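Shown next, in structure tokens, is the structure this report addresses.
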Amino acid sequence: MKRLYGILSIAMICMAAWITSCGPVKDCDEVGQNFYQSLREGDINKAIQYLDHEALNQTPEDIWRQGLLQKSNNLGMILNIERNDFESETRDNVTRVTIKYKIHYSKATMFERLEFVERDSKYRITFYMTRIRNL
């Protein structure tokens with residue numbers, strides 16, 4: 001019985017690795033990494049390009065710019081980006097992916113969540129949430 005659980009555990013780990021190495025999660029993580037790289041470089045205009053019109057309808061572009069700039073000023077440089085978890089869901093032929101990141105800034109560590117939607121065969125960010133790590 002223990003051997004069966006061991007085999008099932010290995011199979012689940014392999015399946016999770018396979019899922020994260022291809023498809024929507026990989027595509028979204030690439031968009032997320034590009035978004036954070038733009039912020040790391042201080043190019044907020046480029047970071048804004050990764051946002052979906054849904055995000056810009058909810059929060060105007062100038063507010064996004066102010067918030068991202070303020071966050072950069074308060075937290076410092078992005079030192080490291082770690083993907084922690086993900087979820088993917090398809091409804092009515094629309095795929096949405098959520099990826100949780102742990103971001104190490106020079107002045108703090110934050111847990112951040114990006115949500116993505118697929119439109120016209122491209123993934124864009126529809127939602128961004130951040131919270132400081134509880135110490």
Side-chain angles (χ1 to χ4, degrees):
M1 190 59 119
K2 288 182 182 181
R3 182 179 177 160
L4 177 61
Y5 286 132
I7 291 171
L8 288 174
S9 296
I10 291 170
M12 294 300 289
I13 290 168
C14 290
M15 182 181 288
W18 177 76
I19 288 171
T20 61
S21 67
C22 63
V25 174
K26 181 181 179 208
D27 295 342
C28 291
D29 188 41
E30 185 176 316
V31 171
Q33 295 290 333
N34 290 338
F35 173 77
Y36 284 116
Q37 184 61 34
S38 299
L39 295 176
R40 179 183 275 162
E41 295 167 356
D43 193 345
I44 292 177
N45 290 330
K46 186 175 178 184
I48 295 290
Q49 293 177 2
Y50 295 105
L51 300 177
D52 184 68
H53 67 82
E54 183 178 320
L56 294 170
N57 286 342
Q58 292 294 319
T59 305
E61 187 174 324
D62 61 325
I63 301 297
W64 275 97
R65 284 181 201 286
Q66 290 172 11
L68 293 172
L69 185 58
Q70 182 178 16
K71 188 175 82 155
S72 175
N73 290 338
N74 291 337
L75 300 178
M77 279 186 63
I78 296 174
L79 303 176
N80 189 35
I81 304 160
E82 298 174 32
R83 185 180 77 197
N84 281 345
D85 197 7
F86 69 91
E87 297 171 14
S88 179
E89 177 181 49
T90 302
R91 269 193 208 163
D92 300 326
N93 294 322
V94 176
T95 299
R96 292 187 180 270
V97 175
T98 300
I99 300 180
K100 296 176 184 175
Y101 294 94
K102 183 177 182 180
I103 310 296
H104 299 276
Y105 293 89
S106 56
K107 297 179 184 175
T109 298
M110 306 291 283
F111 289 101
E112 301 187 359
R113 185 176 89 192
L114 295 177
E115 293 181 11
F116 305 84
V117 66
E118 182 182 22
R119 296 192 206 282
D120 302 322
S121 301
K122 289 185 179 181
Y123 285 93
R124 299 272 186 221
I125 298 168
T126 59
F127 182 79
Y128 175 53
M129 184 179 83
T130 185
R131 69 176 175 85
I132 196 161
R133 182 176 102 180
N134 294 330
L135 299 175

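A quick note: this is a predicted structure, and the numbers were derived from the prediction, not measured.
Minimum interatomic distance between Phe127 and Met129 (heavy atoms only, all atoms of both residues): CE2-CB, 3.5 Å. The two residues Ile48 and Arg65 make their nearest non-hydrogen contact at CG1-NH1, 4.1 Å. Among all heavy-atom pairs drawn from Trp64 and Ala55, the shortest one is NE1-O, 3.4 Å. Residue Ile103 comes nearest to Tyr36 through the heavy atom pair CD1-CZ, 3.7 Å, listed as atom of the first residue, atom of the second, then distance. Minimum interatomic distance between Gly76 and Tyr105 (heavy atoms only, all atoms of both residues): O-CD2, 3.5 Å.
By the 4.5 Å heavy-atom criterion applied to side chains, Leu68 and Phe35 are counted as neighbours. For the pair Val31 and Arg124, the minimum side-chain heavy-atom distance is 4.5 Å or more.
The environment of Glu82 atom CD is dense: over 12 non-hydrogen atoms of other residues, nucleotides or ligands sit within 6.0 angstrom. Around the NZ atom of Lys100, the shell of radius 6.0 Å holds no more than 12 heavy atoms that belong to other residues, nucleotides or ligands.
Distance alone, capped at 3.5 Å, is enough to place a donor-acceptor pair between the Ser106 side chain and the Met77 backbone. Remark: the backbone N or O of Glu115 is paired with a side-chain donor or acceptor of Thr126 at under 3.5 angstrom.
With respect to Glu30 and Lys26, no salt bridge is recorded, no charged nitrogen being found less than 4.0 Å from a carboxylate O.
If you take CD on Gln33 and CZ on Arg40, they are separated by 8.5 Å, rounding to the nearest 0.5 Å. Once rounded to the nearest 0.5 Å, the distance linking OG of Ser72 with CD1 of Ile78 reads 7.5 Å.
Partner Glu112 forms a salt bridge (charged side-chain N to carboxylate O under 4.0 Å, His left out) with one of Arg83, Lys102, Lys71 and no other, that one being Lys71.
Remark: Glu54 engages Arg96, Arg119 in a salt bridge (charged side-chain N to carboxylate O under 4.0 Å, His left out) (not counting sequence neighbours).
When only modelled atom types and interatomic distance are considered, Tyr101 and Asp29 share a side-chain donor-acceptor pair under 3.5 Å.
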